[in-house]
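To keep things clear, I will list the structure first and then write my remarks on it.
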Protein chains: 2
Amino acid sequence: MSVRHTEVTSGSVVTCGDEHEDCGIREVLDRIGDKWSVLVVVELAQGMRRFRQLQRAVPGISQRMLTLTLRRLERDGLISRTVRPTVPPQVEYELTSTGHSLTHLVRALADWSAEHRAAIGQARREWDEANPGSSIR
Amino acid sequence: MSVRHTEVTSGSVVTCGDEHEDCGIREVLDRIGDKWSVLVVVELAQGMRRFRQLQRAVPGISQRMLTLTLRRLERDGLISRTVRPTVPPQVEYELTSTGHSLTHLVRALADWSAEHRAAIGQARREWDEANPGSSIR
DNA sequence: CAGTATCCTTAATGATACTG
DNA sequence: CAGTATCATTAAGGATACTG
């Protein structure tokens with residue numbers, strides 16, 4: 001996901017190159033665009049969770065992907081990981097303050113989705129009917 | 001990106017299955033998470049654009065990916081495509097009203113990114129230093 | 001319980017050539 | 001100009017087995 005691109009900022013649209021690899025919005029999209037991060041963040045928005053709890057709360061996620069997703073969120077400073085040296089071991093995951101602020105964004109995303117879901121579905125049905133046998137889906 | 005998952009709605013967190021394949025937020029994330037859609041939408045937020053204009057405005061995008069991105073956005077009802085039967089042919093792309101409403105979301109994304117970019121960068125550097133030779137990046 | 005390590009499949013993207 | 005078609009490459013994700 002590295003590329004020269006234009007980027008919207010609070011007041012204006014600016015252009016930036018990929019020489020720095022960190023135009024900003026891409027950092028968020030990388031984490032928001034993947035298959036599981038948002039779901040994990042949504043679950044953690046409810047409070048502290050342990051590894052197995054998360055796996056049960058996000059049906060379909062593999063152990064491997066849960067681990068990867070958690071590590072990346074931790075690396076980005078969005079969640080914290082606390083190991084309790086018990087037997088068997090317990091590891092607790094929690095949103096950081098940065099992570100919590102992300103939930104507002106996710107909420108906005110969900111609101112927009114809810115609002116336009118019907119229209120998008122309708123548009124797709126019409127497009128699919130007008131373009132039978134298309135390969136873009 | 002199809003999977004059973006929990007979903008945030010305006011007021012509550014609900015669980016839904018993938019039997020219907022349209023939990024809502026996934027539809028947005030599919031388009032927001034891919035590599036080019038947001039960049040194309042941002043460019044179209046400025047006004048009507050033709051194919052070549054878009055390709056120049058989004059450096060790095062291939063002809064193929066621009067075509068695919070535009071088709072998918074069109075299928076979702078986010079942009080309109082108008083063919084003018086001139087020689088050589090001209091095709092105009094514009095945001096629909098649904099597409100325009102998406103730009104608010106993108107703006108929110110960009111704002112959040114700008115606000116937390118430094119913190120994320122810092123977190124990553126620290127994590128990378130604490131975890132040398134990790135394979136998650 | 002909370003992971004790692006491997007191997008494998010599929011989806012996404014890229015490069016290039018060609019066309020109405 | 002605005003695409004399509006084809007092939008190659010890469011990244012994301014999944015399945016399974018194993019471990020401290």
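Reminder, nothing fancy here: chain letters follow the sequence lines and each chain counts from 1.
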Nucleotide [N], atom [atom2] - distance to [atom1] of [X] in whole Å:
X: A/Gln55; N: C/dT4; atom1: CD; atom2: P; answer: 13 Å
X: B/Ile61; N: D/dA2; atom1: CD1; atom2: P; answer: 14 Å
X: A/Ile136; N: C/dT13; atom1: CD1; atom2: P; answer: 13 Å
X: A/Leu68; N: C/dA5; atom1: CG; atom2: C1'; answer: 12 Å
X: A/Asp30; N: C/dT13; atom1: CG; atom2: P; answer: 12 Å
X: B/Gln63; N: D/dC1; atom1: CD; atom2: C1'; answer: 9 Å
X: B/Glu74; N: D/dA2; atom1: CD; atom2: C1'; answer: 14 Å

Using Watson-Crick pairs (N1 to N3, plus N6-O4 or O6-N4) and G-U wobble pairs, both distances under 3.5 Å, which stems of at least 3 pairs involve DNA chain C?
->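 Counting only runs of 3 or more consecutive pairs, the stems involving DNA chain C are C:1-20 with D:1-20.
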Which pairs count as salt bridge (charged side-chain N to carboxylate O under 4.0 Å, His left out) when at least one residue sits in residues 61-75 of chain A, sequence neighbours excluded?
->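 Residue pairs with at least one partner in residues 61-75 of chain A: A/Arg75-B/Asp128.
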Could you list the residues that satisfy side-chain contact (heavy atoms from CB on, under 4.5 Å) with [X], not counting sequence neighbours?
X: B/Glu115; value: none
X: A/Val83; value: A/Arg81, A/Val91
X: A/Ala123; value: none
X: B/Ser135; value: none

Compare side-chain N and O positions of A/Arg52 against OP1 and OP2 of C/dC1 and report whether any pair is under 4.0 Å apart.
->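 Answer is yes, contact under 4.0 Å.
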N or O in side chain of B/Arg49 less than 4.0 angstrom from D/dC1 OP1/OP2 |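 For D/dC1, OP1/OP2 do not have a side-chain N/O of B/Arg49 under 4.0 Å.
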Could you run down the sub-3.5 Å N/O contacts of the protein with nucleotides 6-12 of chain D?
none

What pairs of residues pass the ring pair (Phe, Tyr, Trp, His ring centres under 6.0 Å) test when at least one of them lies in residues 114-137 of chain A, not counting sequence neighbours?
->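 Every pair satisfying ring pair (Phe, Tyr, Trp, His ring centres under 6.0 Å) with a residue in residues 114-137 of chain A: A/Trp112-A/His116.
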Check salt bridge (charged side-chain N to carboxylate O under 4.0 Å, His left out) between [X] and all other residues, then give those that pass, not counting sequence neighbours.
X: B/Glu92; answer: B/Arg84
X: A/Arg124; answer: B/Asp76
X: B/Arg49; answer: B/Glu43

Give, ordered by number, those residues of residues 80-96 of chain B having at least one heavy-atom distance below 4.0 Å to an atom of DNA chain C; if nothing qualifies, reply none.
->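 Residues of residues 80-96 of chain B that come under 4.0 Å of DNA chain C are, in numerical order, B/Pro89.
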Given the rule that I, L, V, M, F, W and Y join up when any side-chain heavy atoms are under 4.5 Å apart, are B/Ile136 and A/Trp36 in one cluster?
->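 Linked, B/Ile136 and A/Trp36 end up in one cluster.
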Which comes earlier along DNA chain D counting from the 5' end, the contact point of B/Arg56 or that of B/Thr67, where each point is its nearest nucleotide?
->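 The residue mapped nearer the 5' terminus is B/Arg56.
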Just how far is it from atom CG of B/Leu109 to atom CD1 of A/Ile32, taken to the nearest 0.5 Å?
->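 Reported to 0.5 Å precision, the distance equals 5.0 Å.
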Considering only C/dG3, C/dC1, C/dT13, which nucleotide approaches the side chain of A/Phe51 most closely?
->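 Minimum distance to the A/Phe51 side chain belongs to C/dG3.
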